[in-house]
Amino acid sequence: MPEDLQPQPTPPPASTPFAEAKTDVQRKTLDQRSQMDELMRLRHSCAHILATAVLRLWPDALLDIGPPTSEGFYYDFDLQHRFSPEDFPKIEEEMRKITKENQVFEKSVKTRAEALAYFEGKGQKFKVERLGDIPEGETITFFQNGEFVDLCAGPHVMRTGNVKPGGIKMLKVASAYFRGNEKNPQLQRLYGTAFKNKEELDAWVTLQEEAKKRDHRKIGTEMGLFAFDAEYVGPGFVLWLPKGTVLVEELEKLAKETEFQAGYVRVKTPHLAKKKMYTTSGHLPYYADSMFPSIELDELKGRPDLIAEKEGLLDRMIEMRSSILEVGKTIAAGFEIPVGTVQSTGEGLFAGLDEAMRQKGIEEDFILEKMTALRKLGKLDPVTSELVGKFDEVCTQLKKFPPRQTYYLKAMNCPHHHRIFAAEPRSYRDLPLRLAEYGMCYRYEQSGELFGLMRVRAMNMNDAHLYCTAEQFAEEFRAVNDMYLKYFKIFGIEKYQMRFSTHDPARLGQKFVNEPELWKKTEDMVRQVLIESGINYVEVANEAAFYGPKIDVQVWSAIGREFTIATNQVDFAVPAKFGLVYRDRDNTDKTPLCIHRAPLGTHERFIGFLIEHYAGNFPLWLAPDQVRVLTLNDDPPLVEYAKSIVAELRSHFVRVEGDYSPNPVKAKISDAEHAKVHTMLVLGGRDLESGNISVRLHSKGPQGAKPRAEVVADILAAIRERRG
RNA sequence: GCCGGUGUAGCUCAGUGGUAGAGCAACGGUUUCGUAAACCGUAGGUCGUCGGUUCAAUCCCGACCACCGGCUCCA
């Protein structure tokens, strides 16, 4: 998968002690605010009530902001006292008191100077900063309830009494950087929620508890799907247990079949690559922090004498190098060619020092090379000439030593696939070339980011790279979208959204490759395909990858939780960096476009999503335990009948087990239900005599008895068709 | 990475400044029964790791590790 290679954020202006907002959060317009629905108003007012209560309990608290959210509301404070859930009862009590006081929310307009004087007088430094965020010309309004006054654009409910005391609940204490920028101080964030009344709050609380039961980490442990072993294997590395591996392999089977039919070919690549791979792709300078540290291979290992010799030569080389560079830069300046410009010269020696060579190191290498050339032409003074001569000698000697090799664990598959593209000569007849791989990637995620299967450090991507011509692009892109929709249907994903991220023309050449026409052309193509395919999408400005527009795929699980499972990206830059070309009809070499796509994202995250989506009750084709045959007792003829059914199903690759113990059938059913076995075949004397099978489905109860052949055929068909 | 919290048996959880319990699971028996739990028994823990305080630490203190809730980042 590709990555966004984003340069560091710009430093804050000197006038403020704080860094700017990291993400471009759109300020709500007053018009948008006035359209806030009733519940959002209520929650917004609750945030003020919370702040009122906190100030009563801790008068020295500094305030930041307190907006409503889809789940409730929060307010950010800076305070010596560390909030803990133990504080919640007294905060809630104070909030209820405030609702009973039935204070009026009163709006007032202030000038910027008045507002500034007010907050500076109170030492509310964060409020002073927030004041600075309000654009000139926008009306500055305050809201007051009781003794509490806040900078606020509203809107609010009329009175604190509109909030029902039973509808408020404090939820959690967390931390948040001021303006969401990690360079700023961390504030304490108090989360709460509010509903019209206690009944709605209770219903929400119940729903939260249900959601918690679906947590993939909990179900994964209960069902024996996967494990983490931080002590021996490392945090963020999944151990797929046999039952979880079933899910992995069923997904792979699905993807391989789907991709085969869509004309993909499969490849396999190693988990490591040399450093050159990632300097060429452009990942290393930007992405190194997210990669595992390099692996250094030193061929001189075990030869201390050679190592010492090499070190000595290196020291000499470095020393001479800086002296030569000093002279060389003076000479370059003498040609009136500023180092680092595209220019040819009378001598032709310092020509061709273009932008690409200005990257660190290359410019100096260029000068060294030219100094060697000048020496051969006899254009250097004797001292410099001798120095350069010795330098060349040392360099030659150093070349006799095997170079130190640096390897990296791959964080994405695209560079490897690019090298597969480069491995053979390509013709326009070969395109589109669709290279697919379940490639294991390794990313050094920050420790605080690890989260069950959703954020791991080793992940298996349902990856493919589609190389095509500009003319083929729309068709290829459409086919990728069709594949997404096909998967959504199989998994019963009813709600999805594609976030189409485009570039910012103002930052061409900085955040985005400087190809204005290609940007426009590809974005237009993507947009058109999205519209024509009837895809549900939103356009997000300025968030593209550096090499092309991208699409993030968000889906919502059965209980309404949102997951970003995949991204889809267009790349018109990196293939060129690897010099990838195909021979076109007109016998010229052209660079292909590349589409990165991974509809199932990573196994890890996708299975995490599926576990929560299905609450562990997988459809038959996915279920780790598809069928269990249970006998009423252990009478030999009955057990024989059961075993013959197990054998028949197993011959068709059905995952089936038998439970022939003399335990009561109620107990056996209970065991199977707890294990979430999809289909239970319950056999007793009646079934043996009639040649029937009594079917029971997980969490659906008994389905009655049917002839054996019919039951087997039904099971096989449901698996084959991947019925939900 | 940052802020806060947590760490007791495979899982869910009690508990104490004088070196630990329950239920489920596991294991061994017994149990012959028609759709969500038959009975008896056995075994299982350096109380996350390493230091410190103490006559004595699972408990108090510190560091580290991991996990949880967020922030930032992201598939």
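Every chain is numbered from 1 and lettered A, B, ... according to where its sequence line falls, protein lines coming before strand lines. Given the structure is predicted, the values throughout are model-derived calculations rather than measurements.
In this structure, Glu604(A) and Asp687(A) both approach RNA chain B, and ranking their closest nucleotides by distance from the 5' end singles out Asp687(A). Comparing His698(A) and Ser84(A) by the nucleotide of RNA chain B that holds the closest heavy atom to each, the one mapping nearer the 5' end is Ser84(A).
A heavy-atom distance below 4.0 Å to RNA chain B is reached by these residues of residues 672-682 of chain A, ordered by number: Glu673(A), His674(A), Val682(A).
Spacing of C1' atoms, A36(B) relative to C3(B), comes out at 45 Å, to the nearest Å. When the P atom is used for both G7(B) and C47(B), the distance is 14 Å, rounded to whole Å. Across the P atoms, C11(B) and A26(B) are found 15 Å apart, a figure rounded to whole Å. Between C67(B) and C61(B), the two C1' atoms lie 22 Å apart (nearest whole Å). Taking atom P in both U31(B) and G15(B), the straight-line distance is 41 Å, to the nearest Å. For G18(B) and A56(B), the C1' atoms lie 6 Å apart once the distance is rounded to whole Å. Separating the P atom of A57(B) from that of U53(B) is a span of 11 Å, rounded to the nearest Å. For the P atom pair drawn from G5(B) and A9(B), the interatomic distance equals 23 Å after rounding to whole Å.
A donor atom on one side chain and an acceptor atom on the other are not found under 3.5 Å apart for Thr679(A) and Gln626(A).
Following rounding to the nearest Å, Gln569(A) (CD) and C74(B) (P) show an atom-to-atom distance of 11 Å. Atoms CZ (Arg443(A)) and P (C73(B)) sit 16 Å apart, rounded to a whole Å. One atom, CZ of Arg597(A), and another, C1' of A75(B), lie 13 Å apart when rounded to the nearest Å. For the pair Leu241(A) CG and A25(B) P, the computed distance is 20 Å after rounding to whole Å. Regarding Phe83(A), its CZ atom lies at a distance of 18 Å from the P atom of G70(B), rounded to whole Å. A straight line from CD of Gln186(A) to P of C73(B) spans 13 Å, rounded to a whole angstrom. Between Asp659(A) atom CG and G34(B) atom P the separation is 16 Å, expressed in whole Å. Look at CG on Asn663(A): it is 14 Å from C1' on A36(B), rounded to the nearest Å.
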Base-contact (B) and sugar-phosphate-only (S) positions in nucleotides 60-69 of chain B, heavy-atom cut-off under 4.0 Å, - elsewhere: ------SSSB
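Val553(A) comes within contact range of no nucleotide atom at all, as no heavy-atom separation falls under 4.0 Å. Within the nucleic acid shown, Gly701(A) has no heavy atom closer than 4.0 Å to any nucleic acid atom. When heavy atoms are screened at a 4.0 angstrom cut-off, Glu445(A) is found touching base atoms of the nucleic acid. Residue contacts for Thr564(A): at a heavy-atom cut-off of 4.0 Å it reaches the sugar-phosphate backbone alone, with no base atom in range. In this structure, Ile669(A) reaches the bases: a heavy-atom distance under 4.0 Å links it to at least one base atom across the strands shown. Contact annotation for Ser290(A): no contact, since no heavy-atom pair falls under 4.0 Å across all strands. Asp552(A) comes within 4.0 angstrom of nothing in the nucleic acid, heavy atoms only. Heavy atoms of Tyr191(A) sit under 4.0 angstrom from primed sugar atoms or phosphate atoms, though from no base atom. Looking at heavy-atom distances under 4.0 Å, Arg82(A) makes contact with sugar-phosphate atoms alone, never a base.
A salt bridge links Glu259(A) with Arg597(A): the distance from a Lys NZ or Arg NE/NH1/NH2 to an Asp or Glu carboxylate oxygen falls below 4.0 Å. A salt bridge links Asp504(A) and Arg507(A); the closest N-O separation between the charged side-chain nitrogens and carboxylate oxygens is under 4.0 Å. Ion pairing of Arg455(A) with Glu604(A) is absent here, as no side-chain N (NZ or NE/NH1/NH2) approaches a carboxylate O to less than 4.0 Å. By the 4.0 Å N-to-carboxylate-O rule, Lys550(A) lies too far from Glu543(A) to be salt-bridged with it. With respect to Arg130(A) and Asp64(A), a salt bridge is recorded, a charged nitrogen being found less than 4.0 Å from a carboxylate O. In this structure, Glu209(A) does not pair ionically with Lys212(A), as no charged nitrogen and carboxylate oxygen lie closer than 4.0 Å.
Within the structure, every side-chain polar atom (N or O) of Lys666(A) is placed at least 4.0 Å from both OP1 and OP2 of U35(B). Here Arg179(A) does not reach the OP1 or OP2 of U72(B): none of its side-chain N or O atoms lies under 4.0 Å away.
Among the nucleotides C71(B), G34(B), A36(B), the one closest to the side chain of Arg696(A) is A36(B). Comparing atom distances between the Pro664(A) side chain and each of C11(B), U31(B), C73(B) picks out U31(B) as nearest. In the set U35(B), C73(B), A38(B), the nucleotide with an atom closest to the side chain of Ala667(A) is A38(B).
A donor N or O paired with an acceptor N or O is not found under 3.5 Å between the base of C3(B) and the side-chain atoms of Arg189(A). Below the 3.5 angstrom threshold, one finds no donor paired with an acceptor across the side chain of Tyr177(A) and the base of G70(B). The base of G1(B) is not paired with the side chain of Asp289(A) by any donor and acceptor separated by under 3.5 Å.
Phe126(A) and Phe178(A) have their aromatic ring centers within a separation under 6.0 angstrom. Here the two rings, on Phe77(A) and Tyr75(A), have centers that are under 6.0 Å apart. Side-chain rings of Phe609(A) and His216(A) stay apart, their centers remaining 6.0 Å or farther from each other. Between Phe226(A) and Phe237(A), a ring centre-to-centre spacing not shorter than 6.0 Å is recorded. Taking the six-membered ring wherever Trp is involved, the centroid distance between the rings of His678(A) and Phe618(A) does not fall below 6.0 Å.
Between the OG atom of Ser694(A) and the CG atom of Leu683(A) there is a distance of 7.0 Å, given to the nearest 0.5 Å.
Consecutive Watson-Crick or G-U pairs involving RNA chain B, each under 3.5 Å on both distances, make up stems of three or more pairs at B:1-7 with B:65-71, B:10-13 with B:21-24, B:26-30 with B:38-42, B:48-52 with B:60-64.
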Stepwise salt bridge (charged side-chain N to carboxylate O under 4.0 Å, His left out) check, Glu222(A) with Lys218(A): CA-CA 6 Å; Glu222(A) 284 166 1; Lys218(A) 186 175 158 66; 3.4 Å; yes
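A cation-pi arrangement, defined by a distance under 6.0 Å to the six-membered ring centre and an angle within 45 degrees of its axis, is absent between Arg443(A) and Phe292(A).
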